[in-house]
Every structure is written in C-alpha cells, then in structure tokens.
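Below is one structure, written out as structure tokens; the observations come after it.
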Amino acid sequence: MYKRLAWLAALTVTGCAPLEAAELVVDTHGDRGDRVPSIAVTGLNAAEPIDLRLEMRDARGQVWRSSARLRADLDGVADTATSAAEQGSYRGIDAAGLLWSMQPESGTGTPSPLPLRHSPDGLLYEAVPMRLSVLRDGELIASRVLERRLSAPGVVAQVVQVAGVSARLYLPADVAGAGATRPAVVTLGGAEGGIEAASAYAAWLASNGYVALAVGYYRMDGRPKDLINVPIEPVLDAVTWLQQQPGVDPERIGVMGGSWGGIVAMAAAAHDARLRSVVSWVGSPAPFRGIRRDVAPADYRGVDLPPLTWKGTPLGYLPYREAVDWSAPTAADAALLEQAMLPIERINGPVLLVAGGDDQLGDSGRMAAVAERWLRARRAVPMDDEVAYYSDAGHLITQMLQPTTFRHQTGPHLQVGGTAEGYARADRDSSQRVLAFLARTLMRPLNAVPPPHRRAPRPPLPPGW
C-alpha cells in the first residue's frame, strides 16, 4: 500500500516524461551467446508500463517472437533483471525471459531453433541477429539488433590430422604469439555422430580462452559407422597430439562431451591419467547398449551389443530395461550395474556431471547420482567432483541460450523430457558452471591450492556402495 502511494506521489511530482526522454540501455556482454544480455529502459515515469519485444528468424526462415510488459520503478527504470513481466510470453522477474519464451509466429517450432550457421570457412559460426524493440503506449520508441555469438571474434579454427583422421582445432583470439602455454580440452558430440556437435563445444571453449580439439569417434570418415565396438583410443590420440603442440600445457588437458560424448569422455579419462578434468553433459557413468543406425528405432533399444572398446576389449554396458531406477537398483540390477560401470574412480582429476532430473532419454539425473555415490565410495584420492542437477530439465541441455518452448518436442519416438522453464534455467546456469569448473581444474597451476568448495552435507551411502 505504501509503495503504491509512493508511486502515485512520484507521478504527481514528475508528471509525464517526454517520449524522447526514454532510452534503451543494453549490455550484450560481447554478444556472447552463453550470457544473458542486460536490457533496461530508462527515463520513464515512475510506475509507467513499457512493452519489450524480441524477434528472430530460425534456420527455416520462420519468425519467432517474445514480449514482456514491464513497469518502471520509482527512478523511471524498467529492467528485465529486476522488473516483473505483467503480461507477455513469460511472467515474473526473469532476465532471460525474452530469450527462452520466444514462440514461432505460426505452427510448431523446432527444439533448438537458434540458427547456428557456419562461417565461410565451414568451421566457425555466424552471429545470430535478434531485433529488440521498445513500445510506449503502442508506439515504437527504440529498437536495436542484438547479436548472439557462439564463436567470439578472433577465434581461429583449422582442420588438422590426428592419427590419420580429420579433427578440428579451435584457438582463442589471443593465443597467437602469446608465448605462454594454455590448457586444452578435447570435445566430443553425442549419438548423432560426426564432428559437428563437438565443433560447437570447441568453438565455445575457444571463445572462453581454451585450446579446444573437436574429435569424432564414429559416423565420419575413418571411424565406425555404428556405435558398436567403437574404440575410445581416438580421444587418447587427441591427447597425444595436443601434448605435442607448442601452445598447449601438456599437464593441463581435459575432455568434455555431450550425451554419448559424455560417456566416451568418462571412459577415456578412466583409462588415461593424462586427462585432468572431465565434463559430461547428460552422460552416464555406465554405457547403454550400442546403436546400429539402420535398425529401428536407432537407439539403445535396437540391438544388444557393446558400444565401446578399450584395446580391442569391449567395455561393459547396461541391459535395456523399460522401467528401472539404476540409482536405487534391486539386488539383481545392482549386479548388472556393477559390471557395466566405467572405472571412473580412476579418473585423474575432478568430474563434473551436468544432469537433467526429467531426462527421459538418458536418465542423466539418476545416473549422475550413481556416479556421485560411486566416486565418493571408491576414489583412492578424493577429488572435488561436482553434479550440476536441474530438476525440470530433460536431455537437451545446451550452452547456448535460445528459445526453449519446443525443446521437449522431438517427435513421438524420441522422448527427451523437460519443461521450457526448466531448460531455460539449466541452459543459463550450466554453461557458467562448466566454465567455472574448467577454470578451477585447468586454468590454475597444478600445484596451486584450490579454493574451498563448500557443499551441503550428504546422506550416508546405502549398503553395497
């Protein structure tokens, strides 16, 4: 009541601000696609409503839009970080609301509509333009183009040969002539195969200061066609190659992968102590069954064959079960889980698992709990492992902030789970969690004392772990 009276008093004193007094103030944080832009309108009347609109075109040319009606504070400022949306495509205070709540102009949308187009070199990525508009009483008073970038300006990329197979090397903008060595990360894509998803990870990491090497482990020239008996040695070949590069610190190399790439990342690090940091986006510490691309439904339900090998010997894998909770297995299922688990306790550095609590494809939320308990119980030397858990996110958590309103709609045969709001929170937080984790585990000198990492007390391990 008192606040409302203060607003009315302010309106009485200040009267109506002229149209030209309003100003759109935006900080895009260098156009980084993994950061939420700061958006504010200043010079308004106290408690005055203002409408913001954001628009983009997806890869198919379809228009996506979002909107929010904000009300200025007593200082005449409407800010997406502090002002609640009263109307529009989202409600409440959400600095990223205009980004994730965009909807297609008509019809249905795609799960990841941000049009990441390659630059002419086929390796880097073009900026994605979005139009931001401000309306006052229905009249357009300001607008500007926001650019969203996966590749920061100055990042350099090139195709290299690693053990006779093509890989893609991404270098930070200031790496040339710097003289000092940098940490490096090997990046891996998911069950889609090839090298494109790995390249997106690598371009993003290079934009944040890392040397990154994108590697394909299947479904590309020189690699198996199916995810069956796929060697993990290509990841280790990549480590050897990176250690021979003059700009790379050979003692600070990590690995990062998404979905199946997260599984391969953990498998490789468990068998090679040179890898000092591991990031698994929605991966499992126990591999699922292999995938044969020409056997429907082209996922782990189709065949019962081992997916990965080490020195020619198949690694263990989980059997297919329709409704099993591997984080709380029966005695019989616990034995199956035991033989399928990767020896992640041997990983020579911390592990970060990004997990979705509603992951209906890879069950990453429960599998992250399995991994955490396994590491706590079996590590010979405790490491500062982490789980970034997002209860309402599904399998498609990404480092790029973009519309999430159709993220869960991947068709009738492939359920990934998650809500639009849950994915938005996961996308926004996980990218920064990953960067902070890599900075802590790779950027600091190996002999430095790590900063304290406080966690809430955890319950005791159940019997058998």
Do Leu305 and Arg292 come within less than 4.5 Å of each other through their side chains, counting heavy atoms only? yes
Please work out whether the ring planes of Trp64 and Phe406 are parallel, tilted or perpendicular, with thresholds of 30° and 60°. perpendicular
Grab the two heavy atoms, one from Pro120 and one from Glu126, that are nearest each other, plus how far apart they are. CD-OE2, 3.5 Å
Would you say Ser207's side chain and Leu150's backbone share a donor-acceptor pair under 3.5 angstrom? yes
Would you say Pro172 and Arg182 make side-chain contact, with heavy atoms under 4.5 Å? yes
Leu438 side chain reached by Ser277 side chain, heavy atoms, under 4.5 Å: yes
Answer yes or no: is there an ion pair linking Arg293 with Glu192, defined by an N-O contact shorter than 4.0 Å? no
Given the rule in the side-chain contact (heavy atoms from CB on, under 4.5 Å) test, do Leu242 and Val186 qualify, once you have shown the distances and angles that lead to the verdict? CA-CA 9 Å; Leu242 282 168; Val186 180; 3.7 Å; yes
Would you confirm whether Thr405, through its side chain, and Ser101, through its main-chain N or O, come within 3.5 Å as a donor-acceptor pair? no
Could Asp325 and Arg366 be called an ion pair, given the rule that one side-chain N must be under 4.0 Å from one carboxylate O? yes
Check this for me: Asp221, atom CG, are more than 12 non-hydrogen atoms of other residues, nucleotides or ligands nearer than 6.0 Å? no
When you measure from the side chain of Glu233 to the backbone N and O of Lys311, does any donor-acceptor pair fall under 3.5 Å? yes
Just by distance, with hydrogens left out, do His118 and Glu196 show a side-chain donor and acceptor under 3.5 Å apart? yes
CD-CE distance between Gln399 and Met256, expressed to the nearest 0.5 angstrom: 6.5 Å
Strictly below 4.0 Å, N to O, side chains only: are Glu386 and Arg433 in salt-bridge contact? yes
Could you go through the side-chain contact (heavy atoms from CB on, under 4.5 Å) check for Leu188 and Tyr217 one step at a time? CA-CA 8 Å; Leu188 308 164; Tyr217 52 93; 4.1 Å; yes
Does a donor on one side chain and an acceptor on the other come within less than 3.5 Å for Tyr390 and Asp358? no
Would you compute the distance between atom CG of Leu435 and atom CZ of Arg35 and round it to the nearest 0.5 angstrom? 9.5 Å
CA sep, side-chain torsions, deciding dist, call: Leu146, Asp31, side-chain contact (heavy atoms from CB on, under 4.5 Å): CA-CA 7 Å; Leu146 306 183; Asp31 298 334; over 6 Å; no
Between the side chains of Thr240 and Asp237, does any donor sit under 3.5 Å from an acceptor? no
Can you see which heavy atom on Leu213 is nearest to which on Trp241, and at what distance? CD2-CE3, 4.0 Å
Any idea which heavy atoms bring Thr80 and Ile93 closest together, and the distance? O-CG2, 4.2 Å
What class does the angle between the rings of Trp260 and Phe288 fall in, given that below 30° is parallel, 30 to 60° is tilted and above 60° is perpendicular? perpendicular
Taking all non-hydrogen atoms of both residues into account, name the closest pair between Ser284 and Leu342 and its distance. O-CD1, 4.5 Å
Apply side-chain hydrogen bond (donor to acceptor under 3.5 Å, both in side chains) to Tyr423 and Asp392, showing your working. CA-CA 7 Å; Tyr423 273 123; Asp392 294 331; over 6 Å; no
Between Leu114 and Thr398, is there a side-chain heavy-atom distance shorter than 4.5 Å? no
Just do the salt bridge (Lys or Arg N to Asp or Glu O under 4.0 Å) check on Arg428 and Asp34 with the steps written out, would you? CA-CA 7 Å; Arg428 178 177 177 177; Asp34 62 350; over 6 Å; no
Taking every non-hydrogen atom, the tightest pair across Ser151 and Tyr125: OG-N, 3.2 Å
Are the side chains of Leu361 and Leu414 in touch, meaning some heavy atoms are under 4.5 Å apart? yes
How far does CD1 of Ile263 sit from CG of Leu227, to the nearest 0.5 angstrom? 8.0 Å
Gln339 (side chain) donor-acceptor with Ala335 (main chain) under 3.5 angstrom: no
Just by modelled atom types, is the Gly254 backbone N or O under 3.5 Å from a matching donor or acceptor in the Arg274 side chain? no
For the student: nearest non-hydrogen atoms of Pro246 and Thr181, plus distance: O-CG2, 3.5 Å
Rounded to the nearest 0.5 Å, what separates atom CE in Met400 from atom CZ in Arg32? 11.0 Å
Checking Val416 against Asp359 for the side-chain contact (heavy atoms from CB on, under 4.5 Å) test, could you report, in this order, the C-alpha distance in whole Å, the side-chain angles of both residues, the deciding distance, and whether it holds? CA-CA 6 Å; Val416 295; Asp359 183 348; 5.8 Å; no
Under a plain distance cut-off of 3.5 Å, with no hydrogens placed, do Thr419 and His408 share a side-chain donor-acceptor pair? no
So, does Ser143 use its side chain to make a donor-acceptor pair with the main chain of Ser133 at under 3.5 Å? no
Calculate, to the nearest 0.5 Å, the distance between atoms CD and CG belonging to Gln158 and Leu124 respectively. 11.0 Å
Within 45 degrees of the ring normal and closer than 6.0 Å to the centroid, is that where the cationic atom of Arg223 sits relative to Tyr218? no
Could you verify whether a donor N or O on one side chain and an acceptor N or O on the other, from Asp121 and Ser119, lie under 3.5 Å apart? no
Does any N or O in the side chain of Ser66 come within less than 3.5 Å of the main-chain N or O of Leu98, such that one atom is a donor and the other an acceptor? yes
Mind checking whether Tyr170 and Val156 have side chains closer than 4.5 Å, heavy atoms only? no
Are side-chain heavy atoms of Ile195 and Arg168 found at a separation under 4.5 Å? yes
Please indicate whether Arg379 has more than 12 foreign heavy atoms, meaning atoms of other residues, nucleotides or ligands, lying under 6.0 Å from its CZ. yes
Sub-3.5 Å donor-acceptor pair from the side chain of Ser364 to the main-chain atoms of Val282, do we have one? no
Is the shortest distance from a Lys or Arg side-chain nitrogen in Arg65 or Glu55 to a carboxylate oxygen in the other one below 4.0 Å? yes
Any chance you could measure Leu275, atom CG, to Leu236, atom CG, to the nearest 0.5 Å? 7.0 Å
Would you say the side-chain atoms of Ser166 and Gln161 include a donor-acceptor pair closer than 3.5 Å? yes
When you measure from the side chain of Glu421 to the backbone N and O of Trp100, does any donor-acceptor pair fall under 3.5 Å? no
Under a 4.0 Å threshold between the charged nitrogen and the carboxylate oxygen, would Asp427 count as salt-bridged to Arg407? yes
Output yes when a side-chain donor or acceptor of His29 lies under 3.5 Å from a complementary backbone atom of Val36, and no otherwise. yes
Find out whether Trp326 and Arg321 are in side-chain contact, i.e. whether some heavy atom of one side chain is under 4.5 Å from a heavy atom of the other. yes
